[in-house]
Amino acid sequence: MDKLRIHGGRPLNGSIAVSGAKNAALPLLAATLLAPGTHTLRNVPDLRDTRTMLKLLQIMGAAWERDGGTVRVDSSRLTGAEAPYDLVKTMRASVLVLGPLLARAGQARVSLPGGCAIGARPIDYHLKGFEALGVVTEMAGGYVEARVQGELRGGTICFDIPSVTATENVLMAAARAKGKTVIQNAAKEPEVGNLIDMLEAMGVRIEGKDSDCLTVTGAAELRPAEISIIPDRIEAGTYLIAAGAAGGSLEVTNCDPSHLTALIEKLRAAGMQIETQADRCTAFCPVNSEGQPCPLRAVNITTMPYPGFPTDLQAQFMALMSRSSGVSIIHETIFENRFMHVAELRRLGAEIAIDGGSAVVTGIPHERLVGAPVMATDLRASASLVVAGLAASGTTEISRIYHLERGYERMAEKLRKVGAAIEQVPED
Ligand code: UD1
């Protein structure tokens, strides 16, 4: 296993190109199971999670090939409808094959994902949504066994809170249901919009894109789709935050700034200058009259469903605030246990207190943030340790970086190109 070694305190200057969004690639790859034929997906990031999803598709009988960022999936012949524990335990999003399998094969057996480092994360909304379409579900031996009774028929479902993957799963099942399905309190994340575009390209009619009420008119026959994965707004946001922490001026290209509004507003409130163009953002850090970096102001954030501040950037923003000039309150409302990074950030000297679902971050002067060995606990927590390591003086070594490899394509290489001293080395 490898670890990341960062010699911090160097500003980031130059340009980083963002990859395709992990959280869009996963549902879109799963959606290839819906219609027989060869689907073409462009801008697919090469990540541990996308490889896991491709492995799942292969288990179901689909064949695939990758040519750079283009992945072709031929799902003409499906031979299985089971997602085994071994894969689901490494990636919760494996549960996204449930909807397409029910639509195509009328049944599916998927291991229950169980808890993870950021909370209990049940899948009850997914199951309630399927049941509204005429699916019966039961649990046996740690698996969800789901079966369509008769045929899939349109229904109405209202989620208690908007869930991204539950919205996607129900959309995919509804794509082949007879009649109309209405999803109320649906998630509005851009990744859901990307899936809607793919389903429409396959022949499904969907009204209400980007709103919290989606109406799906299913189609008995679907055709294979050709579609591009949208840019990864969380990867883009992570690099903008990293620039804030390390200093310098960084251009982030191949992104969609309109998906980053909540973050950009907070970075500006903290004192960064952010310029946006159609497909890029440039971040400039404040400097004093002698050209020396100035600390950012403390700002508060509350994580919310899109278009609110994304929970997937909370940990990275906390690392940024740990060296601001003031006290920042960070309120996490999406997941109940998403502060695993706090103990690791404290090892670098950060002053953070947790009070229920809130973290109180007291900014410290930059010389008091000092590198240390730390351990990655989940994907975004790992990214926050990279941000902190880039800002800290001295050396930070991050172990268990397989978490990072789940969601960031060539992160060390991209950061090195803009001046970071970061290398991947074998663990002792
Ligand atoms: C997705 C993203 C993840 C992101 C999260 C919130 C993917 C592959 N993952 O995860 O990166 O952090 O959205 O933006 O897109 N809930 C239930 N029952 C359910 C489903 C969800 O109680 O059946 C709760 C969750 O515990 C959580 C909230 O709903 O409190 C929202 O979670 P959800 O949007 O479902 O997250 P994911 O789709 O798993």
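The analysis underlying the following values was restricted to heavy atoms, covering all of them including side chains, and did not include hydrogens, waters or symmetry mates. Just follow the structure's listing: the first ligand is 1, and inside any ligand the first atom is 1.
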J.: Does ligand 1 have any atom sitting under 4.0 Å from a heavy atom of His126?
T.: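 Distance cut 4.0 Å: His126 passes for ligand 1.
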
J.: Out of all atoms in ligand 1, which are within 4.0 Å of some heavy atom of Ile161? Include the element for each.
T.: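 So the answer, numbered in order with elements, is 28 (C), 29 (O).
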
J.: Ligand 1 versus Ala166, non-hydrogen atoms closer than 4.0 Å: side chain, backbone, both, neither?
T.: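 None of Ala166 does.
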
J.: Heavy atoms only, cut-off 4.0 Å: how does Thr311 contact ligand 1, side chain, backbone, both, or neither?
T.: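 The part of Thr311 near ligand 1 is the side chain, not the backbone.
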
J.: Can a non-hydrogen atom of Arg92 be found less than 4.0 Å from any atom of ligand 1?
T.: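 Contact present.
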
J.: Counting only heavy atoms, which portion of Met91 has something under 4.0 Å from ligand 1: side chain, backbone, both, or neither?
T.: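 None of Met91 does.
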
J.: What side-chain donor-acceptor pairs closer than 3.5 Å can you find for residues 316-324, not counting sequence neighbours?
T.:
residue: Gln316; atom: NE2; partner: Thr238; partner atom: OG1; Å: 3.2
residue: Gln316; atom: NE2; partner: Asp312; partner atom: O; Å: 3.0
residue: Gln316; atom: NE2; partner: Tyr408; partner atom: OH; Å: 3.3
residue: Ser322; atom: OG; partner: Ala319; partner atom: O; Å: 2.6
residue: Arg323; atom: NH1; partner: Ala245; partner atom: O; Å: 2.8
residue: Ser324; atom: OG; partner: Met321; partner atom: O; Å: 3.0

J.: Whether the side chain of Asp232 engages the backbone of Lys22 through a donor-acceptor N/O pair (distance < 3.5 Å, no angle test) should be reported.
T.: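 At least one qualifying donor-acceptor pair exists.
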
J.: Check this for me: does any side-chain nitrogen of one of Arg223 and Glu221 sit under 4.0 Å from a carboxylate oxygen of the other?
T.: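 Glu221 and Arg223: not salt-bridged.
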
J.: Of the backbone atoms (N, CA, C, O) and the side-chain heavy atoms from C-beta on, which set of Phe335 has a member under 4.0 Å from an atom of ligand 1: side chain, backbone, both, or neither?
T.: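 It is the side chain that gets close, since no backbone atom is under 4.0 Å.
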
J.: With side-chain hydrogen bond (donor to acceptor under 3.5 Å, both in side chains) as the test, pick out the partner of Arg406 among Asp49, Thr90, Thr52, Thr50.
T.: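 Testing each of Asp49, Thr90, Thr52, Thr50 against Arg406, the sole residue satisfying side-chain hydrogen bond (donor to acceptor under 3.5 Å, both in side chains) is Asp49.
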
J.: Charged N to carboxylate O below 4.0 Å: is that the case for Glu235 and Lys414?
T.: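 Lys414 and Glu235: salt-bridged.
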
J.: Might you work through the side chain to side chain donor-acceptor pair (under 3.5 Å) test for Asn23 and Glu191, ending with a clear yes or no?
T.: CA-CA 6 Å; Asn23 286 353; Glu191 294 76 18; 5.7 Å; no

J.: What atoms of ligand 1 come within less than 4.0 Å of a heavy atom belonging to Ile334?
T.: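 By the 4.0 Å cutoff, the relevant atoms are 27 (C), 30 (O), 31 (C).
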
J.: Which atoms of ligand 1 have any heavy atom of Ile123 under 4.0 Å away?
T.: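 Result: 19 (C), 23 (O).
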
J.: If we only consider heavy atoms of Ala187, is any one of them less than 4.0 Å away from an atom in ligand 1?
T.: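 Checking ligand 1 against Ala187, which is what was asked, there is no heavy-atom contact under 4.0 Å.
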
J.: State whether the side chain of Ser111 and the backbone N or O of Asp86 hold a donor-acceptor pair below 3.5 Å, judged by distance alone.
T.: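 Answer holds: no.
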
J.: Which ligand 1 atoms, with their elements, are less than 4.0 angstrom from a heavy-atom of Asp124?
T.: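 In order of numbering, the contacting atoms are 17 (C), 18 (N), 19 (C), 22 (O), 23 (O).
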
J.: Are Glu265 and Arg268 side-chain neighbours, meaning at least one heavy-atom pair lies under 4.5 Å?
T.: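 SC-SC contact between Glu265 and Arg268 ruled out.
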
J.: Between side-chain atoms of residues 274-285 and protein atoms elsewhere (two or more places apart, or another chain), which donor-acceptor pairs fall under 3.5 Å?
T.:
residue: Glu275; atom: OE2; partner: Gln273; partner atom: NE2; Å: 2.9
residue: Arg280; atom: NH1; partner: Glu251; partner atom: OE2; Å: 3.2

J.: Only heavy atoms of Val164, strictly under 4.0 Å: list the atoms of ligand 1 that pass.
T.: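 Counting from 1, the qualifying ligand atoms are 1 (C), 13 (O), 15 (O), 33 (P), 34 (O), 35 (O), 38 (O).
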
J.: May I ask you to list the atoms of ligand 1 that are less than 4.0 angstrom from any heavy atom of Pro122?
T.: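 Reading through ligand 1 atom by atom, the close ones are 17 (C), 18 (N), 19 (C), 20 (C), 22 (O), 23 (O), 26 (O).
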
J.: Looking only at atom types and distance, does a side-chain atom of Asn43 sit under 3.5 Å from a main-chain N or O of Ile229, one as donor and one as acceptor?
T.: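 Judged by distance alone, yes, a pair lies under 3.5 Å.
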
J.: May I ask which of Val192, Thr333, Asn23 has a heavy atom nearer to atom 2 (C) of ligand 1 than the others do?
T.: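 Going through Val192, Thr333, Asn23 one by one, Asn23 has the nearest heavy atom to atom 2 (C) of ligand 1.
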
J.: Check Leu96 against ligand 1 and report side chain, backbone, both or neither, counting heavy atoms closer than 4.0 Å.
T.: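 Neither part.
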
J.: For Arg338, state whether at least one heavy atom is located under 4.0 Å from any atom of ligand 1.
T.: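 Flag set, Arg338 near ligand 1.
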
J.: Pick one of side chain, backbone, both or neither for how Asp312 approaches ligand 1, counting any non-hydrogen atom pair under 4.0 Å.
T.: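 The answer is the side chain of Asp312.
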
